[in-house]
2 protein chains.
Amino acid sequence: MHIEILKEGGVTAPKGFRANGLHCGIRKNKEKKDFMLIVSDVPCDAAAVYTQNLVCGAPVTVTRENLKNGKAQAVICNSGIANTCNADGIEKAEAMCALVAQYTGIPAGDVVVASTGVIGQPIDLAPMQNGMQALVDGLSEHGSAAAAEAIMTTDTVKKEIAVRVALSGGKVCTLGAIAKGSGMIHPNMATMLSFITTDANIAPEMLKAALNWCVHRSYNMLSVDGDTSTNDTVAVLANGLCGNARIETQNDDYAAFCRALFKVCNYMVRMLAKDGEGATKLVLCEVQNAPDEETARVLAKSVIRSPLVKTAMFGSDANWGRVLCALGYAGVRVDVHKIDVRFSSAKGEICVCTDGAGVDFSEEKAKGILSEDAITILVDLKAGEAEATAYGCDLTYDYVKINGDYRT
Amino acid sequence: MHIEILKEGGVTAPKGFRANGLHCGIRKNKEKKDFMLIVSDVPCDAAAVYTQNLVCGAPVTVTRENLKNGKAQAVICNSGIANTCNADGIEKAEAMCALVAQYTGIPAGDVVVASTGVIGQPIDLAPMQNGMQALVDGLSEHGSAAAAEAIMTTDTVKKEIAVRVALSGGKVCTLGAIAKGSGMIHPNMATMLSFITTDANIAPEMLKAALNWCVHRSYNMLSVDGDTSTNDTVAVLANGLCGNARIETQNDDYAAFCRALFKVCNYMVRMLAKDGEGATKLVLCEVQNAPDEETARVLAKSVIRSPLVKTAMFGSDANWGRVLCALGYAGVRVDVHKIDVRFSSAKGEICVCTDGAGVDFSEEKAKGILSEDAITILVDLKAGEAEATAYGCDLTYDYVKINGDYRT
């Protein structure tokens with residue numbers, strides 16, 4: 001099953017989707033887009049996953065309600081203000097959906113709404129009301145990049161991808177996505193957002209199952225700083241326009257769709273990790289030969305989350321003791337006397353610990369391997385066949401700088 | 001019940017304890033003491049708590065075994081090498097106890113042994129064998145400071161305290177302690193160590209109960225970077241020489257002893273937090289009016305551990321949204337719409353959030369309050385009467401610096 005990665009297109013690569021992004025005035029900097037819209041020509045099946053934080057942004061509450069029937073046709077989002085911890089947040093988020101209805105005719109209840117930016121400051125609807133006509137007028141089949149730019153906060157690069165996979169009956173479905181992260185939780189906070197579109201025809205419960213499977217192994221394995229934002233949302237809209245036989249069971253088409261969706265999520269997670277606040281390196285932890293997948297997941301996340309591991313990666317320091325330490329306090333049973341640890345990158349691979357004890361290795365070679373901008377920490381438990389990968393980044397001076405004086 | 005804080009004395013303040021610390025050669029820097037011994041003139045009742053990390057230093061394993069009978073008479077400790085993740089660690093830790101027996105006559109099984117330093121490098125016994133005679137010869141009733149210096153790693157100040165409390169029958173008992181931390185987990189590594197001595201006469205099971213009660217509310221509420229070291233140990237030795245009626249039940253003397261022990265632990269935890277790696281500020285989170293103490297504890301720790309809260313404190317930024325966010329993902333049920341947040345320090349107090357939503361406040365006044373070197377984040381849940389305090393520090397450039405290139 002081949003999954004083709006498209007060079008361009010993002011959320012507008014699948015048939016029947018248009019998007020746009022512009023500066024409406026929520027942010028002071030006029031160079032910075034702050035408002036975006038994605039619409040489908042026809043109603044979509046839809047699913048989403050949200051932050052588990054009890055302090056939950058008003059847009060998350062409204063989107064959750066709107067997606068209860070598994071239907072949506074548009075995504076509206078602003079950056080600059082998170083619309084969280086305000087007395088009238090729900091009202092404002094609903095007003096954003098109503099704006100979509102007013103200007104596009106899409107029912108307000110079929111809108112996914114999101115916001116990202118500062119918590120606890122009221123959001124002003126006026127700039128969005130004033131900018132909505134231009135936003136709708138500019139909707140285009142090439143509008144994904146503008147939409148991707150409009151959701152960026154401290155992100156340093158815009159995040160887009162599209163992929164294509166063959167389904168049965170000679171049909172080909174396309175999936176596209178845009179995302180923003182940076183800090184996972186953006187300072188002050190807020191928000192990993194990811195909007196995925198597809199022209200596959202798939203029943204909402206199957207779409208939800210596919211999304212959950214993928215998110216469990218991608219977004220949920222991502223940690224930039226261990227903080228969980230209040231507004232995180234991953235939403236997927238499927239409009240069915242590629243013409244495949246509707247996916248209603250776990251058949252071959254479901255498997256193909258799931259693989260393609262995972263490709264999109266996996267790509268985004270790497271992009272988000274690498275562009276974590278202040279990060280200079282993408283750091284992966286692969287736990288291999290675990291007794292079960294959950295054990296592997298917990299261990300991989302513990303390593304990726306450790307500030308001491310993260311600073312060591314920043315310093316290109318083969319400080320494997322910190323890896324063992326993070327495995328030891330992860331809270332799952334594991335025989336630490338069987339663990340091997342290796343570091344790998346484009347420069348090669350080096351074994352630094354066997355059976356839980358250090359081995360002689362060339363510090364120079366290790367330094368070379370860890371000086372690359374994408375590093376994998378390989379942990380072999382020698383205790384089964386399950387595996388998991390967690391995604392993160394190094395902890396740097398710039399992380400402290402960005403977060404130490406974000407608001408000032 | 002008055003607890004008097006003594007200006008001097010540390011672990012040698014209680015009757016019948018002597019200590020010493022010197023440079024024996026485990027560390028290359030000859031200016032840096034790396035070897036210390038504390039002995040009691042008579043056998044002691046003893047108790048200890050240890051790291052929960054599965055990757056556990058060899059000295060912890062040996063101490064745990066030695067304290068099974070609730071008896072000890074000496075503490076030996078080196079800095080420079082953690083004696084963890086080595087094939088022959090147990091053997092080496094036992095050899096350290098045997099050294100004490102050889103030179104002092106105290107049975108090897110009555111020795112608390114600890115090590116702090118680099119993980120995964122073998123420890124060389126020769127420097128300790130060569131230095132042992134001088135270490136024993138130098139044991140003194142004024143030796144606490146030398147012992148405290150010998151266990152420091154990246155600590156910037158030595159940590160000592162002694163307190164005195166009246167017991168029944170006109171007896172007065174003294175408690176003393178030394179500790180090291182810095183990084184909670186010191187990089188690569190390891191280790192919060194705290195050795196407490198007392199001349200109280202107290203049964204080992206009561207001593208254990210008192211220690212557990214205090215540690216639960218002090219050391220276990222401390223987080224510098226969220227990492228849990230492999231060698232953490234808090235040990236207490238009670239030699240009974242103050243002559244009080246042996247404490248064998250939860251009587252008034254037990255209560256007085258417990259309060260005094262908590263004073264010692266609480267002081268040390270503040271010292272350890274304030275001297276956390278790279279820290280410029282002591283940061284406390286007090287959760288008030290919680291439905292129960294465990295809820296208060298979990299919430300307070302979540303706030304203190306959040307990298308985003310920690311960087312905001314570094315930047316003197318009244319970024320209360322990050323506090324709410326950390327409360328929201330702590331994993332306990334709480335009504336976020338009832339939460340008030342205030343910041344306080346020697347400069348005053350300011351309310352920044354009421355009923356889960358932001359209030360107007362003077363950024364200038366807030367900045368002034370947060371620019372102090374000891375800050376308290378007050379969280380009022382308005383949901384009960386329980387409370388808890390967690391202890392931590394800010395996250396700074398220096399934390400990244402210290403941990404990014406520690407070994408090189």
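The model shown is predicted, which means the values in this text are computed figures rather than measured ones. Below, all heavy atoms of this structure are taken into account, side chains as well, without hydrogens, waters or symmetry copies.
- Interatomic distance, A:C85 SG to B:I339 CD1, rounded to the nearest 0.5 Å: 9.0 Å.
- Ranked by non-hydrogen atom pairs under 4.5 Å with chain A, the options B:P122, B:G328, B:S302 are led by B:G328.
- Smallest separation of non-hydrogen atoms from A:T311 and B:V400: CG2-CA, 4.0 Å.
- Contacts between A:V323 and chain B at a heavy-atom distance below 4.5 Å are absent for every atom of the residue.
- Top candidate by heavy-atom pairs under 4.5 Å with chain B, chosen from A:T84, A:V359, A:T396, is A:T396.
- Interface remark: B:V334 contributes backbone and side-chain atoms alike to the contact with chain A (heavy atom separation under 4.5 Å).
- By the 6.0 Å contact criterion, CD on A:E294 is enclosed, its count of non-hydrogen atoms from other residues, nucleotides or ligands being greater than 12.
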Exercise for the section: Please assess A:Y399 against B:L395 for the test side-chain contact (heavy atoms from CB on, under 4.5 Å), listing each intermediate value before the final yes or no. Expected result: CA-CA 10 Å; A:Y399 177 84; B:L395 173 58; 4.2 Å; yes
